[in-house]
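First up is the structure itself, then whatever we jot down about it.
Residue numbers begin at 1 in each chain, while the letters A, B, ... track the order of the sequences.
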Amino acid sequence: MPELAKAYEPKQVEDRLYQKWQERGYFKANPGSSRKPYSIVMPPPNVTGKLTLGHVLNNTIQDILSRKARMEGKEVLWLPGTDHAGLATQTAVEKHLRQAEKKTRHDFTREEFVARVWKWKEEFGGIITSQLRKIGCSCDWSRERFTLDKDYERAVQEVFVRLYQEGFIYRGTRMVNWCPGSLTAISDEEVIPRAQKGFLYYVKYELVPEPGTEPEYLVVATTRPETIMADAALAVKPGGKWAAYIGRNVWRPLHRAPIPVIPDDAVEEGFGTGVLKVTPAHDKTDYEIGKRHHLEFTDILTPDARIHDPGEHDAIELNGLDRFAARKRSAEMLQERGLLLKEEPYENTVGFSERANEAIEPRLSKQWFMRYPNVPEALALLSEGYVKFHPEHWTKVYAHWLEHIQDWCISRQVWWGHRIPVWYAPEMVEVPSDIMMPVTVNPLATNDVVCQIDCPGEGWTQDPDTLDTWFSSWLWAYETMRTGDGTRQKFYPTSALVTGPDIIFLWVARMLIAGLHFQPNGEKDTVEKTLEANLAFRDVYFTGLIRDRQGRKLSKSLGNSPEPLDLVAKYGADGLRFGLVRIAPQGADICFDEKQIEEGRNFCNKLWNICRFRSMQGPIDPNAEPFKHPRSIFADEMLDRLHYLHAGERNVQDALHQFNFSEAASLIYDFVWNEFAARFVEAAKIDFAHGDSPTREGTLATFDYVMSHVLRLLHPFAPFVTEELWCELGFGTETIQTTLWPTQSPRSKAWSPRAQEIYQTADIGRTMRGEIKLPSNQKVPFSLVPSSLVSEEKPFTDEQKSVLAAFLNASEIKVLSAPPADPGPKAFTPLGELYLPATGLVDPAAEKDRVTKELAKTEKDLEQTRRKLGDANMLAKAPPAKVEEWRALEVTLIAKEKSLRESLGKLG
RNA sequence: GCGCGGUUAGCUCAGUGGUAGAGCACUACAUUGACACUGUAGGGGUCACAGGUUCAAACCCUGUAUCGCGCACCA
């Protein structure tokens with residue numbers, strides 16, 4: 001057997017193993033297999049994007065699920081792919097063109113520009129998928145999909161046509177969230193509210209005098225004086241304090257004209273002045289009010305949010321100004337006209353588009369909308385348990401969204417994406433969407449339109465818009481499986497989805513709805529079966545967001561986002577994976593610290609060195625059967641611990657079953673480091689040192705048996721190091737990937753608590769050494785006066801003594817029948833009283849300190865216990881077993897206290 | 001404003017009724033044979049606060065504070 005390197009070197013291992021796995025086709029899913037299916041579709045990352053830590057966590061969890069399922073004998077499909085990310089990619093290419101060629105998208109024809117984006121995609125499209133390979137993802141790359149693949153594109157358009165025909169998709173002029181930076185509409189779900197510091201401007205609206213009235217005015221508090229020219233009315237609460245003015249007119253202060261005072265329930269008297277200025281074309285609420293009162297819809301903003309209020313009027317100078325400059329200027333103009341009463345600092349929430357970092361402009365615009373089908377069914381999926389969210393509390397968020405669902409604005413004024421399959425008759429003149437003018441609103445216009453994929457004939461023009469990227473990804477769970485070879489029949493519904501809660505509406509909910517409505521697996525004989533056959537997925541695991549140590553989101557602009565591949569180079573892919581998964585808390589965001597990755601690497605190295613040590617003792621037996629050999633109590637103890645790792649109160653099986661990955665990782669970590677390495681391996685050294693030890697073979701077999709379990713349990717988390725050790729050490733020859741996932745291990749019938757007692761005694765003895773400040777390499781003689789139980793019922797053997805001596809770094813352990821004549825520092829252990837020599841080692845003053853401290857703690861414990869035992873109420877109502885525990889504790893503590901007092905007495 | 005989640009050691013987190021835990025960081029000691037990516041020991045906590053339930057509360061209930069997230073017709 002080759003000797004292993006002194007430390008685990010991931011670089012020597014990772015690429016070689018990944019290549020081997022690929023060549024041998026381990027990740028390939030076979031739809032013809034008779035094995036039970038297990039499937040996951042990868043949330044497709046932006047095709048030209050780069051790997052982030054979020055991707056690492058997310059895909060590591062998918063890999064854990066996939067690899068474990070393979071080891072459980074399932075036919076696994078983990079389907080990878082990428083997303084065309086319409087606006088994001090287009091923006092990136094436009095930025096590149098601006099910098100490299102000083103051109104905008106409008107310097108090209110649409111076809112030329114889209115060709116440039118494809119070129120960009122060819123150049124950068126492979127980066128993220130190659131990065132996923134670097135971290136060991138076991139997806140079936142032969143099935144990689146892209147949301148703009150020809151077939152996929154056609155499927156998206158088919159869905160559009162179908163929904164149009166079914167009446168779920170319509171075109172309309174409505175208020176949308178307009179991004180003046182990207183010049184496109186976006187959906188409600190893509191608007192991010194942000195607190196903004198601004199001002200509340202108090203503006204005088206003078207009443208148009210009527211015969212017999214005094215000059216009067218109403219005051220409006222507004223954050224947006226730049227929209228005053230678009231005011232169509234003032235609204236007040238019906239029957240409220242301003243109700244007397246209803247029906248009168250006021251002078252609009254800029255672009256002076258009379259506008260009516262109207263009653264509307266949308267007005268809250270407690271807000272501002274209780275008088276609301278109504279700009280139906282620039283505010284969602286005002287739009288509704290405008291419709292109710294048949295007001296005029298005046299749009300005074302260009303698509304890029306500059307003022308454009310044509311005609312002759314008194315505020316003409318605002319034209320051409322950006323909305324924020326216009327805000328300032330209009331306030332000044334009001335001031336100059338004596339119409340601005342005051343302005344006060346004010347914080348309100350404004351919607352932003354994340355991509356362009358621009359304040360969203362509520363804007364009247366002609367767009368395509370989708371009314372969601374199957375909403376009640378989608379709600380039932382979760383409430384009736386067909387689909388489960390982990391952690392569960394996201395269910396409520398999902399339900400709330402569905403209960404308040406609004407139609408989805410699905411058209412985008414973007415060139416890179418799925419073109420809307422709608423055609424306009426030759427005689428129709430469509431206004432190009434990028435013209436820099438406000439829209440002409442004519443809600444009554446009817447269009448001669450045809451909705452179909454192919455051009456209906458000469459002269460017909462296709463709608464210039466593309467579809468929201470999410471309108472393609474909502475089909476991802478099943479459309480990626482359309483391969484004509486039975487893949488969808490075998491693997492859909494998918495088993496699990498792993499994603500972030502930030503796209504619960506954008507993607508997760510919509511995929512469930514798509515499954516319900518399009519029924520990719522067809523109709524079955526009962527409603528329930530139809531439902532179950534068409535679930536997009538059965539379990540959804542939501543990861544937390546990764547933040548930096550200050551709690552900020554990781555982002556490129558903040559520069560707080562570590563490069564995952566740098567971390568791989570430093571700590572290895574397994575170190576990164578294991579470190580991240582072990583620390584990721586359930587249902588909460590992750591506070592990233594590189595130290596955690598370092599721990600992951602250290603753990604892999606620990607595992608490596610345990611195996612290295614084993615390989616020095618001779619060849620490994622891949623079929624080791626420890627229960628067939630005579631065994632030490634330490635081997636039995638180890639086997640017992642393994643049993644509990646599988647079946648204890650907290651165990652790996654349950655943790656993974658409950659999607660508690662950090663718990664599973666922590667359990668294995670603690671087991672390997674604290675049970676296996678720190679206890680069993682140290683005790684095994686005694687066996688290994690003596691070739692003639694009768695338990696040597698049993699210890700070797702236990703070692704191999706337990707290590708075989710550990711490597712397999714760990715493989716989904718740390719695929720490279722476990723595979724390397726598995727094959728190099730001879731546990732197997734081919735691969736660990738297709739070995740059996742271990743779920744249980746029996747206890748030894750011969751198990752006794754003695755090994756635990758020895759470990760506990762060693763801990764106590766080591767503490768004693770530490771307290772009298774013995775250098776850790778100084779060998780000293782210990783004496784033990786065994787308790788009666790130890791001396792009579794279960795003798796303290798020489799082998800046990802050797803192990804205890806090794807743990808204590810003792811030169812010898814003298815077993816005495818009575819305390820030594822000249823007793824030194826003493827401690828109570830499960831084995832009896834443990835003594836250090838009185839002379840030569842101990843400074844009496846330090847020893848007195850030690851005993852005094854120990855006595856104080858004992859007295860405190862004793863007092864606490866006695867308080868309980870003295871409380872009649874407590875004794876009466878607590879369970880008897882608990883009371884017994886307290887009684888036993890009291891006895892021990894009394895003896896300990898007595899003995900410590902004696903020691904203290906002797907020390908003077 | 002409503003809803004969800006958090007608040008435990010310097011840091012990151014476990015801990016769903018019975019004497020407060022882990023890793024990191026810190027301090028001391030130790031480099032002969034698995035591992036310094038190590039070993040041994042130590043210091044360090046009014047479990048956010050206030051009430052309540054209970055024999056007993058970090059844990060259950062109510063309220064408050066605070067942080068994060070989501071939702072809302074936030075003029």
Side-chain angles (χ1 to χ4, degrees), chain A residues 4 6-8 193 195 200 220-224 235 265-268 271-279 283-289 346-350 391 393-397 400-401 404 501-502 504-505 545 547 549 551 571-572 575 582-593 595-596 598-617 650 662-663 666 669-670 673-674 677-678 681-682 685 763 766-771 773-778 807 809 860-861 864-865 868 871-879 881-883 885-886 889:
Chain A
L4 296 180
K6 210 172 165 186
Y8 173 54
L200 204 49
V220 169
T222 180
T223 54
R224 302 201 64 186
D265 280 325
V267 180
E268 277 180 50
F271 224 113
T273 59
V275 183
L276 173 67
K277 74 183 203 59
V278 183
T279 49
D283 183 280
K284 266 187 179 171
T285 314
D286 293 4
Y287 175 70
E288 297 300 328
I289 298 173
Y346 185 70
E347 191 176 290
N348 67 341
T349 310
V350 176
H393 67 253
W394 293 112
T395 304
K396 209 162 175 174
V397 176
H400 185 264
W401 180 70
H404 298 87
D502 48 333
I504 189 164
F505 315 136
L545 241 53
R547 299 171 175 278
R549 291 197 63 169
Y571 302 109
R582 186 166 78 101
I583 202 64
Q586 276 302 96
D589 288 353
I590 293 134
C591 201
F592 180 77
D593 183 351
K595 277 278 169 208
Q596 294 149 1
E598 195 180 321
E599 282 173 45
R601 175 200 59 179
N602 295 355
F603 178 66
C604 292
N605 188 55
K606 188 77 185 177
L607 189 71
W608 179 266
N609 271 287
I610 291 169
C611 290
R612 178 167 183 263
F613 173 66
R614 172 60 188 83
S615 72
M616 290 171 174
Q617 315 305 324
R650 295 171 62 211
S662 62
E663 162 98 342
S666 299
Y669 180 98
D670 292 342
W673 209 302
N674 302 324
V681 173
E682 291 307 316
K685 284 177 181 171
D763 288 344
R766 281 169 164 181
T767 301
M768 196 155 58
R769 287 183 62 119
E771 277 170 345
K773 303 222 181 320
L774 277 179
S776 48
N777 62 341
Q778 188 179 344
F807 275 84
N809 199 19
K860 198 184 140 204
D861 290 350
Q864 225 170 56
T865 310
K868 284 185 206 160
D871 186 334
N873 207 358
M874 204 166 201
L875 289 186
K877 298 203 175 170
K882 211 77 231 172
V883 177
E885 234 173 76
W886 296 333
L889 184 63

Whole angstrom value for the distance that separates [atom2] of [N] from [atom1] of [X]:
X	N	atom1	atom2	result
N602(A)	G39(B)	CG	P	9 Å
H393(A)	G70(B)	NE2	C1'	10 Å
I610(A)	C35(B)	CD1	P	13 Å
E771(A)	G42(B)	CD	C1'	9 Å
E663(A)	U12(B)	CD	C1'	16 Å
W608(A)	C35(B)	CH2	C1'	12 Å
E885(A)	G17(B)	CD	C1'	14 Å
K396(A)	G5(B)	NZ	C1'	12 Å

Do [X] and [Y] have side chains that get closer than 4.5 Å, going by heavy atoms?
X	Y	answer
E288(A)	K284(A)	no
V397(A)	F505(A)	yes
K685(A)	F613(A)	yes
S666(A)	E663(A)	no
I504(A)	W401(A)	no
D593(A)	Q596(A)	yes

Between [N] and [M], how many Å separate the two [atom1] atoms, rounded to a whole number?
N	M	atom1	result
G15(B)	A58(B)	C1'	9 Å
U38(B)	G44(B)	P	25 Å
U64(B)	G1(B)	P	11 Å
A9(B)	G21(B)	C1'	10 Å
G17(B)	A57(B)	C1'	6 Å
U46(B)	C11(B)	P	13 Å
A28(B)	G45(B)	C1'	22 Å
C59(B)	C47(B)	P	10 Å

For [N], does OP1 or OP2 lie under 4.0 Å from any side-chain N or O of [X]?
X	N	answer
N605(A)	U38(B)	no
K595(A)	A25(B)	yes
K860(A)	U19(B)	no
N777(A)	U31(B)	yes
W673(A)	G39(B)	yes
T285(A)	A72(B)	no
N809(A)	U40(B)	no
K284(A)	C73(B)	no
K606(A)	G39(B)	yes

Starting at the 5' end of RNA chain B and moving along, which residue's nearest nucleotide shows up first, K877(A) or R601(A)?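 Comparing both residues, the 5'-ward one is R601(A).
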
Residue whose closest nucleotide on RNA chain B lies nearer the 5' end, R224(A) versus D589(A):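 The residue whose closest nucleotide sits nearer the 5' end is D589(A).
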
Using a 4.0 Å heavy-atom cut-off, does [X] contact any base of the nucleic acid, only the sugar-phosphate backbone, or nothing at all?
X	answer
Q617(A)	nothing
W886(A)	base
P501(A)	nothing
Y346(A)	sugar-phosphate

Measuring from the side chain of [X] (C-beta onward, heavy atoms only), which nucleotide among [options] has the closest atom?
X	options	value
R766(A)	A41(B), C35(B), A30(B)	A41(B)
N348(A)	G70(B), A75(B), C29(B)	A75(B)
T767(A)	C55(B), A75(B), G42(B)	G42(B)
F271(A)	A34(B), A75(B), A14(B)	A75(B)
T223(A)	A75(B), A34(B), U19(B)	A75(B)

Suppose we screen for side chain to side chain contact (heavy atoms under 4.5 Å, CB included). Which residues come up paired with F271(A), at least two apart in sequence or across chains?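 Counting only residues at least two positions away or on another chain, F271(A) forms a side chain to side chain contact (heavy atoms under 4.5 Å, CB included) with E268(A), Y346(A).
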
Treating R769(A) as the side-chain partner and P775(A) as the backbone partner, does any N or O pair qualify as donor plus acceptor under 3.5 Å?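 Indeed, once roles are kept as given, a pair shorter than 3.5 Å links the two residues.
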
Could you tell me which nucleotide pairs with [N] by Watson-Crick or G-U wobble geometry, both distances under 3.5 Å, or answer none if nothing does?
N	value
U40(B)	A28(B)
C60(B)	G52(B)
C74(B)	none
A22(B)	U12(B)

